[in-house]
Amino acid sequence: MLSLRGVSKVFQIGADRKVAIRQIDLDLRSGEFLTIIGSNGAGKSTLLNLIAGTVPPTTGTIRLADMDITGVPPHIRARRIGRIVQDPLAGTAPSMTVAENLALASKRGRRTLRLGLPSRMHRRIRAQLEVLNIGMEDRLDCSVSTLSGGERQALTILMATLAQPEILLLDEHTAALDPSNAAMIVRMTCAFVERLGLTTLMVTHNMEQAIELGDRLVMMHKGEIIHDIAGEAKATTSVGELVDMFSRHHIVDDELLLERVC
Ligand SMILES: Nc1ncnc2c1ncn2[C@@H]1O[C@H](COP(=O)(O)OP(=O)(O)OP(=O)(O)O)[C@@H](O)[C@H]1O
Ligand SMILES: [Mg+2]
């Protein structure tokens, strides 16, 4: 489904050269849910940016299903790749209403941006908002700027999945939320991923979450995948084992900023 071959990213800032991703090979099958952990600056966000197309690779190829998407611009990839980042403000247009945001999201990647909701779509969006179970269906005409961080991130999940992408990229998308909102967003994310059968890559600093969620876990360090476990091996691993794994690479807690508990 998703295949990265020999993908590297080198950022050149003046005379400085920063290798963010080193020759990564990664294959994900359709419907696979991958959690990604790693030290600060390990290259987790860059990896997702490369897949989304917002950062071009220095070397290597990225294929989605049977298509080489390495040179495909991000707005075209957005039809097939949904993305949610840490900042709840990033995924929405705050000055527009909930309904307008959803209308835009459903037209993502297409040229016509006629705003306004046809009644059929209005009914569909209402029904989708009802599924979130947080009363947002009664706020269709409210400006997104009036929503809380958790509500905005819930809306972002709905928007990211509305266009029925094949891949969902989550970059610490609960990190800016308080624990109860974070838990709500995780539950919501899992429900969407399961219902739509999305192939998912989720970056988290929460090791328990990385073990509990999904069916495969990779650990990154200095632009490389240093650990890749799936199935039974992932289900039975512990936070302690992951910490030991990091220690073997001389990665200390300060660098990790990992949360050992939920
Ligand atoms: N646009 C950029 N220009 C220059 N350097 C960059 C750029 N984006 C990322 N980097 C560098 O590439 C490396 C990997 O960054 P990245 O953001 O992918 O790390 P990360 O694993 O997501 O870290 P964190 O856990 O802090 O979010 C870092 O050294 C970072 O400073
Ligand atoms: Mg990051």
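Ligands are counted one by one from 1 in listed order, and the atoms in each one are counted from 1 as well. Note that the structure is predicted; figures quoted are calculated from it, not measured.
In this structure, atom 1 (N) of ligand 1 lies nearest to the protein heavy atom F11 CE2, 3.5 Å. Nearest protein heavy-atom neighbour of atom 27 (O) of ligand 1: E172 OE2, 3.6 Å. Closest to atom 12 (O) of ligand 1, if we only count protein heavy atoms, is A20 CB, 3.3 Å. At the top of the distance list for atom 29 (O) of ligand 1, counting protein heavy atoms only, stands K18 CE, 3.0 Å. Protein heavy atom at the shortest distance from atom 26 (O) of ligand 1 is N40 ND2, 2.6 Å. Atom 17 (O) of ligand 1 has its closest protein heavy atom at S45 CB, 3.8 Å.
At least one N/O-N/O distance between G41 and ligand 1 falls below 3.5 Å. On a distance-only criterion, A42 and ligand 1 share at least one N/O pair closer than 3.5 Å.
Within 6.0 Å of the CD atom in E232, the count of heavy atoms belonging to other residues, nucleotides or ligands does not exceed 12. For E130, the CD atom sits in a packed shell: over 12 heavy atoms of surrounding residues, nucleotides or ligands are nearer than 6.0 Å.
Of the heavy atoms in K44, both backbone and side-chain atoms come closer than 4.0 Å to ligand 1. Residue contacts with ligand 1 for I13 involve side-chain atoms from C-beta outward but no N, CA, C or O (heavy atoms, distance under 4.0 Å). Proximity of H205 to ligand 1, defined as any heavy-atom pair under 4.0 Å, is confined to the side chain (atoms from C-beta onward).
A donor-acceptor contact shorter than 3.5 Å is absent between the side chain of R216 and the backbone of D228. Remark: side-chain polar atoms of K9 are not paired, donor with acceptor, to backbone N or O of G43 under 3.5 angstrom. Between the side chain of T200 and the backbone N or O of L198 there is at least one donor-acceptor pair closer than 3.5 Å. Proximity of a side-chain donor or acceptor of D25 to a complementary backbone N or O of G6 within less than 3.5 Å is detected. Under a 3.5 Å cut-off, the side chain of T58 and the backbone N or O of V10 do form a donor-acceptor pair. With R80 contributing its side chain and E166 its backbone, the two residues share no donor-acceptor pair below 3.5 Å.
Atom numbering of ligand 1 starts at 1 in the shown order; those under 4.0 Å from a heavy atom of S39 are 21 (O).
At least one heavy atom of G43 sits closer than 4.0 Å to an atom of ligand 1. Assignment of K9 to the shell around ligand 1 is not supported, since no heavy atom sits closer than 4.0 Å.
Ion pair D171/K44 not flagged as a salt bridge, since none of the NZ, NE, NH1 or NH2 atoms sits closer than 4.0 Å to an Asp/Glu carboxylate oxygen.
Under the 4.0 Å distance rule, the nearest protein heavy atom to atom 7 (C) of ligand 1 falls inside the cut-off. Within the 4.0 Å cut-off (strictly below), a protein heavy atom is located near atom 10 (N) of ligand 1.
Closest of all the heavy-atom pairs between S8 and Q23 is OG-N, 3.0 Å. Counting all heavy atoms, side chain and backbone alike, T204 lies closest to A210 at CG2-CB, 3.8 Å.
In the candidate list T46, L48, V203, T46 is nearest to atom 16 (P) of ligand 1, counting heavy atoms.
Within the 2.8 Å limit, S45 places at least one N, O or S atom next to the Mg ion (ligand 2).
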